[in-house]
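As the structure is a prediction and not an experimental result, all values here were calculated from the model.
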Amino acid sequence: MSRHTELAGWNPLDWPLTTGVIPYLVLAVGWAALLGLAYSRSRHWWSRRLPCAVVLAAALTVLLRFVVDDWWVPFPEGLPRASLFWIGVAVLGLCLAAFRLPPLRWRGRAVAVLAAALVVLMASSQINRQFDQYPTLRVLLAPWIGKTDALTTGQVPAVHVPEGKTLAEVWQAPAGLPAKGTVSTTPIPGVRSGFSTSDAYVYLPPAYQANPRPLLPVLVMLTGQPGTSADWVGTGQLPEQMDAFAAAHGGLAPIVLMIAQNGSSEWGNSLCMNSRIAQAQTYLAQDVPDWAHTHLQTATGRKSTMIGGLSQGGTCSLQLAVNAPEVFGTFLDISGQEEPTLGSRQDTVQKAFGGDEAAFDAVDPLQVMARKKFPDTAAAFVVGDGDGEYGPQQRKVYQAALAAGMQAHFQTVPGGHAWSTFRAGLGVNLPWLAQQAGVIR
């Protein structure tokens, strides 16, 4: 049971925003507001103002699509068509309101502005339903109402695991162990890489508070692009999933570092490589694990250091696993791409390596797996069964992983390229991750 479920009921913060009655109510009210904005008894409205508003809205929507997909390119795969449609609806609502305002008195203008706001709310709700980014108002407001714990530091006696045993087989949870883990924020400096990013979030499971302390594995989790290190905390509900796993295993669960692999801007793209853009691979494969093993009391070794991520972060987890296999022995790729990209292969090679194709191929995961074998690497690939964009790419990468000798498995979960899929992808693989790291059998 998640924290959201526990707190649900009559608390408005926990009413679902992407399922149930609320999104359909918002949809109905929004369409009614749009129709109200479009209707008038004035002939002048039908002959001039309405056509002008529609044409302007269409032009602005096309211009926005050009700016986003051909100039700015914040999304390597392009702006989804469904999102573009709802953005166009929102723009239409604003244009209709703008053309209605001049002849109206202040009360009529207030009504028009309110109607436009309802149309924008409807469009935002539908886009949110598409990605399931904010399943509840609590998640939406998390940056303002969420609290984090002080990071637990310091060393205590450790629980050692005999050869051939799992941690769960020798661990005895002490009385009074907390029911939930802690979530803290901390900077992880780029000591070797010089890479700068926002603070990481650190999840420490209940067993980490014990004395003696079990030496737990470290799981590095990456976000998508655009994205922030907080995404897995709120939208991804990672702490709730880890707490539920820990509750079933005496407080044991992986330590999780949630990292913004693309730097301080959620719209950036470091490619998770060492390139002209950034020394991102050095940061993720050296600075982050070094910080974890230095500042926290953890298990060590490649089997106890895992990496995973969603979308572009899933691609990064694959990249790090094949380019730094001595660090990461296990990885979880949720809805990842077949290769790192800034929109096209040509643009990626040019911006990251000055046009040097060989330099890109040297670290491109498909090329690396074609040259090397990874019999000691465990891999999980997960994708939504309705994801027509990333599903074929994931299957291609999975087949390459098998050909490279990895201990790999492929899964589909209900959904598309959305947070409902990403959350499920983590949840179904938590037991597998714990098994790979020797926590459970």
| field | Counterpart residues, salt bridge (charged side-chain N to carboxylate O under 4.0 Å, His left out), relative to D361 (two or more places apart) | value |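 So D361 forms a salt bridge (charged side-chain N to carboxylate O under 4.0 Å, His left out) with R345.
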| salt bridge (charged side-chain N to carboxylate O under 4.0 Å, His left out) against K396, all qualifying residues, sequence neighbours excluded |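 Listed in chain order: E338.
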Donor-acceptor pair, distance only, cut-off 3.5 Å: does the side chain of [X] make one with the backbone of [Y]?
X	Y	result
T235	Q133	yes
Q394	F381	no
T61	A57	yes
Y208	Q297	yes
S317	F331	no
Q225	G313	no
S229	D199	yes
Q312	G336	no
W232	M221	no
N323	V363	yes

| request: Take the angle between the ring planes of F245 and H249 and call it parallel below 30°, perpendicular above 60°, tilted in between. | output: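 Answer is parallel, since the angle falls under 30°.
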| request: Describe, in one word, how the ring planes of F195 and Y283 are oriented to each other, choosing from parallel (under 30°), tilted (30 to 60°) and perpendicular (over 60°). | output: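 Correct class here is tilted.
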| request: Indicate yes or no: does D376 engage R302 in a salt bridge with an N to O separation below 4.0 Å. | output: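 Between R302 and D376 there is no salt bridge, as every charged N stays at least 4.0 Å from the carboxylate O atoms.
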| field | Lys/Arg N to Asp/Glu carboxylate O, R192 vs D287, below 4.0 Å | value |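 Result for this pair is no, no salt bridge flagged.
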Looking only at heavy atoms, what is the nearest atom pair of [X] and [Y], with distance?
X	Y	value
G227	D231	CA-OD2, 3.2 Å
I259	A200	CD1-CB, 3.6 Å
A352	L271	CB-CD1, 3.7 Å
V139	G234	CG1-C, 3.8 Å
A400	M369	CB-CE, 3.8 Å
T228	E266	CG2-CB, 3.6 Å

Do [X] and [Y] have side-chain heavy atoms sitting under 4.5 Å apart?
X	Y	answer
F410	V383	yes
W291	L296	yes
L430	M242	yes
Q209	P206	no
P340	P365	yes
Q281	Q319	no
Q350	L342	no
L320	V327	no

| Positive for side chain to side chain contact (heavy atoms under 4.5 Å, CB included) with V439, one of P205, P431, P217 |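 Exactly one candidate clears the test, P217.
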| query | Is it the case that S193 and Q279 place a side-chain donor and acceptor less than 3.5 Å from each other? | reply |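 Side-chain D/A pair, S193 to Q279: absent.
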| said: Do T182 and D149 pair up side chain to side chain, a donor and an acceptor below 3.5 Å, judged on atom types alone? | reply: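 T182 vs D149: no donor-acceptor pair found between side chains.
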Counting neighbours of [atom1] on [X] that are heavy atoms of other residues, nucleotides or ligands and sit closer than 6.0 Å, is the number greater than 12?
X	atom1	result
Q155	CD	yes
F85	CZ	yes
E357	CD	yes
R81	CZ	no

| task | In sequence, state the C-alpha distance, the side-chain angles, and the governing distance for L310 and S335, and then conclude on side chain to side chain contact (heavy atoms under 4.5 Å, CB included). | result | CA-CA 6 Å; L310 67 96; S335 302; 5.9 Å; no
| request: Could you walk me through whether H417 and F131 pass ring-ring contact (aromatic ring centres under 6.0 Å, His included), step by step? | output: CA-CA 7 Å; H417 200 71; F131 296 105; 7.9 Å; no
Quick one: pull up [atom1] in [X] and [atom2] in [Y] and give me the separation to the nearest 0.5 Å.
X	Y	atom1	atom2	result
D243	Y203	CG	OH	3.5 Å
Q435	W432	CD	CH2	9.5 Å
Q241	N429	CD	CG	10.5 Å
M122	Q126	CE	CD	7.5 Å
N269	N262	CG	CG	5.0 Å
T300	L215	OG1	CG	8.0 Å

| said: Can you confirm if the aromatic rings of H409 and Y398 lie within a centre distance of less than 6.0 Å? | reply: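 Not under 6.0 Å, so no.
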| request: Carefully, step by step, assess V288 and L257 under the rule side chain to side chain contact (heavy atoms under 4.5 Å, CB included). | output: CA-CA 8 Å; V288 171; L257 305 184; 3.7 Å; yes
| request: Verify side chain to side chain contact (heavy atoms under 4.5 Å, CB included) between Q237 and L426, making sure each step is shown before the conclusion. | output: CA-CA 10 Å; Q237 298 178 4; L426 173 63; over 6 Å; no
| said: One pair to check against side chain to side chain contact (heavy atoms under 4.5 Å, CB included): T315 and V397. What are the steps and the verdict? | reply: CA-CA 10 Å; T315 313; V397 174; over 6 Å; no
